[in-house]
Amino acid sequence: MSTVNLSGITKKFGSVTAVNKLDLLINEGEFFTFLGPSGCGKTTTLRMIAGFYYPTIGKVMFNDKDMTTVSPEKRNTGMVFQNYALFPHMTVFENVAFGLKVRKLSYSEIQKRVHDVLEKVRLDQFIKRQVSQLSGGQQQRVALARALVIEPDILLLDEPLSNLDARLRDEMRNEILRLQREYGITTIYVTHDQVEALSMSDRIAVFNTGVCQQIGTPTEIYNQPVNDFVAEFIGETTLLPVMFEKALSNQKLYRNNDLDASFHVNDSPLNIASYEDSDELVMSIRPEAVQIHMNEIQGENVLQGEVVEVQFTGASVHTYIKLNNDVIIRSTDLNKGPSTYLSIGQKVYVLLPPDQIRVIPKARK
Ligand SMILES: Nc1ncnc2c1ncn2[C@@H]1O[C@H](COP(=O)(O)OP(=O)(O)OP(=O)(O)O)[C@@H](O)[C@H]1O
């Protein structure tokens, strides 16, 4: 087990800056995820940790050892690639044993370790099978076994589930978590899938165009996004540009011109900063916080609208409501709530609870 400390990491490919001034400390035994859209620098960062790339500027440390320019085979990391990178015509045993043979372990030690790890990933009955004759999920397990068998200090997983169908992804998600907990191994996981990131990670780093936007636990990232990019990338949200209007006793008032309305926003620990002078502000409201009422209600933050779309998804119902000036807001309700009975064209009242609105700055470009 090991900590991973990246300090001041920049990686350039010619004129492209793939990763820009990244500082990151990953704790021992932590499940840490790099999340972001395609091309944002996740894989490049992972590869610098594995040693396949060296940073242009900055330092990579494992515990207190400087690994910045140490070659990959001397880092004791286990890596699982998106396409698994297995040897298709070799057996499961030969694939998993490969790294141990390179390390020149005795045959009896290799046999023991391969059997043990295949039992852990529940593939022991396939030990003699050629990899090309396995299903996608089984191949994924071989790739995991091959990474774990060398007893790495750090496990690196690059979009390991992206080639699997939805049901198998769920199953393998649980499988990876179970193994990670059993081995207690520091794990770095790359994905562009927010559900995977939220459900698996101890902490997440959200990347955009080579810059780390926010580091936090899944609940911190979801409930306290630092800017509009993070709010929109993690989960669903409606974003409305606002301007600070005035401070009240425990609230602030923000104005949105499209809706020709002012919104009361609670001063709460979740509204982590107070923005008064910036004109680059947005308010973010999650669909599960948007309340729909069929009859007029009194109070703050109530808007009139018309239902334009109702989508039933089983456990929940998504309703899209058109407000002033064609602004659309989304509401998500459990399949028992009021939106279950709404139909397109219906006039409704929408309430945005003041304690559920986050006011955040726009991400710097
Ligand atoms: N070997 C390379 N040579 C030149 N440019 C590269 C190289 N590798 C990555 N890049 C560029 O660096 C940027 C970051 O790429 P990277 O692969 O790290 O992104 P990513 O977030 O992992 O994306 P994806 O999810 O699509 O794999 C991209 O603009 C990419 O085109």
Side-chain angles (χ1 to χ4, degrees), residues 4-24 26 31-60 67-73 75 77-86 136 139-140 143-144 147 154-166 168-169 172-173 176 186-201 203-216 218 221 225-235 363-365:
V4 177
N5 193 353
L6 308 181
S7 50
I9 296 278
T10 292
K11 177 66 183 174
K12 292 187 182 191
F13 297 105
S15 61
V16 175
T17 304
V19 178
N20 199 0
K21 297 182 190 148
L22 175 65
D23 291 306
L24 199 60
I26 298 167
F31 195 112
F32 196 99
T33 296
F34 297 163
L35 175 69
S38 184
C40 69
K42 310 177 297 281
T43 298
T44 303
T45 307
L46 198 74
R47 287 177 158 264
M48 286 190 280
I49 296 169
F52 300 128
Y53 295 150
Y54 297 153
T56 314
I57 312 170
K59 219 152 97 170
V60 178
M67 307 299 275
T68 314
T69 54
V70 171
S71 58
E73 66 281 3
R75 296 196 182 203
T77 59
M79 181 131 172
V80 175
F81 299 89
Q82 189 172 350
N83 58 5
Y84 317 145
L86 298 170
Q139 290 188 21
Q140 183 56 262
L144 269 169
I154 302 160
L155 181 62
L156 305 172
L157 305 167
D158 191 358
E159 306 237 12
L161 306 185
S162 56
N163 287 331
L164 304 177
D165 66 43
L168 207 50
R169 283 172 83 112
M172 285 308 295
R173 206 148 78 188
I176 289 172
T186 309
T187 300
I188 306 175
Y189 191 91
V190 165
T191 183
H192 59 263
D193 182 323
Q194 39 135 338
V195 176
E196 258 174 37
L198 289 174
S199 61
M200 297 176 84
S201 319
R203 284 191 304 153
I204 300 169
V206 183
F207 284 71
N208 188 27
T209 55
V211 179
C212 177
Q213 306 282 317
Q214 184 169 7
I215 299 168
I221 299 262
V226 295
N227 59 36
D228 60 339
F229 175 82
V230 177
E232 205 166 27
F233 195 76
I234 312 280
R364 264 176 272 151
K365 293 280 179 304

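In what follows, every heavy atom counts, from backbone to side chain, and hydrogens, waters and symmetry copies are set aside. As the structure lists them, so they are numbered: ligands from 1, and atoms in each ligand from 1. Residue numbers count from 1 along this sequence.
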Is the shortest side-chain heavy-atom distance between [X] and [Y] below 4.5 Å?
X    : Y   : result
N208 : P37 : yes
V4   : L24 : no
T43  : F52 : no

Original post:
Are any of the N/O atoms in C40 less than 3.5 Å from those in ligand 1?
Top reply: yes
Original post:
Just going by heavy-atom distances, which of D158, T43, T45, L46 is nearest to atom 17 (O) of ligand 1?
Top reply: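 Result: the heavy atom closest to atom 17 (O) of ligand 1 is in T43.
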Subject >> Heavy-atom nearest neighbour of atom 3 (N) of ligand 1 within options F52, F207, F13, F34 >> reply: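 Selected option, by shortest heavy-atom distance: F13.
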**OP:** For atom 30 (C) of ligand 1, state whether the nearest protein heavy atom is under 4.0 Å away.
**Re:**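 Within 4.0 Å: no protein heavy atom nearby.
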Can you tell me the protein heavy atom closest to [atom] and the distance?
atom                    : value
atom 26 (O) of ligand 1 : S38 OG, 2.6 Å
atom 15 (O) of ligand 1 : T44 OG1, 3.7 Å
atom 23 (O) of ligand 1 : G39 N, 2.7 Å
atom 12 (O) of ligand 1 : A18 CB, 3.2 Å
atom 25 (O) of ligand 1 : K42 NZ, 3.0 Å

Original post:
Nearest 0.5 Å, what's the OG1-CD1 distance between T45 and I188?
Top reply: 9.5 Å
Original post:
Nearest 0.5 Å, what's the CG-CD1 distance between N20 and I57?
Top reply: 8.5 Å
Original post:
Any idea which atoms of ligand 1 are less than 4.0 Å away from a heavy-atom of E159?
Top reply: 25 (O)
Original post:
Quick one: which ligand 1 atoms are inside 4.0 Å of a heavy atom on Y53?
Top reply: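 Counting from 1, the qualifying ligand atoms are 1 (N), 8 (N).
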Is there a heavy atom in [X] that sits closer than 4.0 Å to ligand 1?
X   : value
R47 : no
P37 : yes
G36 : no

Subject >> Counterpart residues, salt bridge (charged side-chain N to carboxylate O under 4.0 Å, His left out), relative to R47 (two or more places apart) >> reply: none
Original post:
Is D228 reaching over with its side chain to a backbone N or O of A363, donor-acceptor style, under 3.5 angstrom?
Top reply: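 Yes; judged by distance alone, with no hydrogens or angles, the pair exists.
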Original post:
Ignoring hydrogens and geometry, is there a side-chain-to-backbone donor-acceptor pair from K42 to G36 under 3.5 Å?
Top reply: yes
Subject >> Partner set under side-chain hydrogen bond (donor to acceptor under 3.5 Å, both in side chains) for D193, not counting sequence neighbours >> reply: R169
Original post:
Aromatic rings Y189 and F31: how do their planes relate, parallel, tilted or perpendicular, breaks at 30° and 60°?
Top reply: tilted
Original post:
Where's the contact between H192 and ligand 1, heavy-atom distance under 4.0 Å: side chain, backbone, both or neither?
Top reply: neither
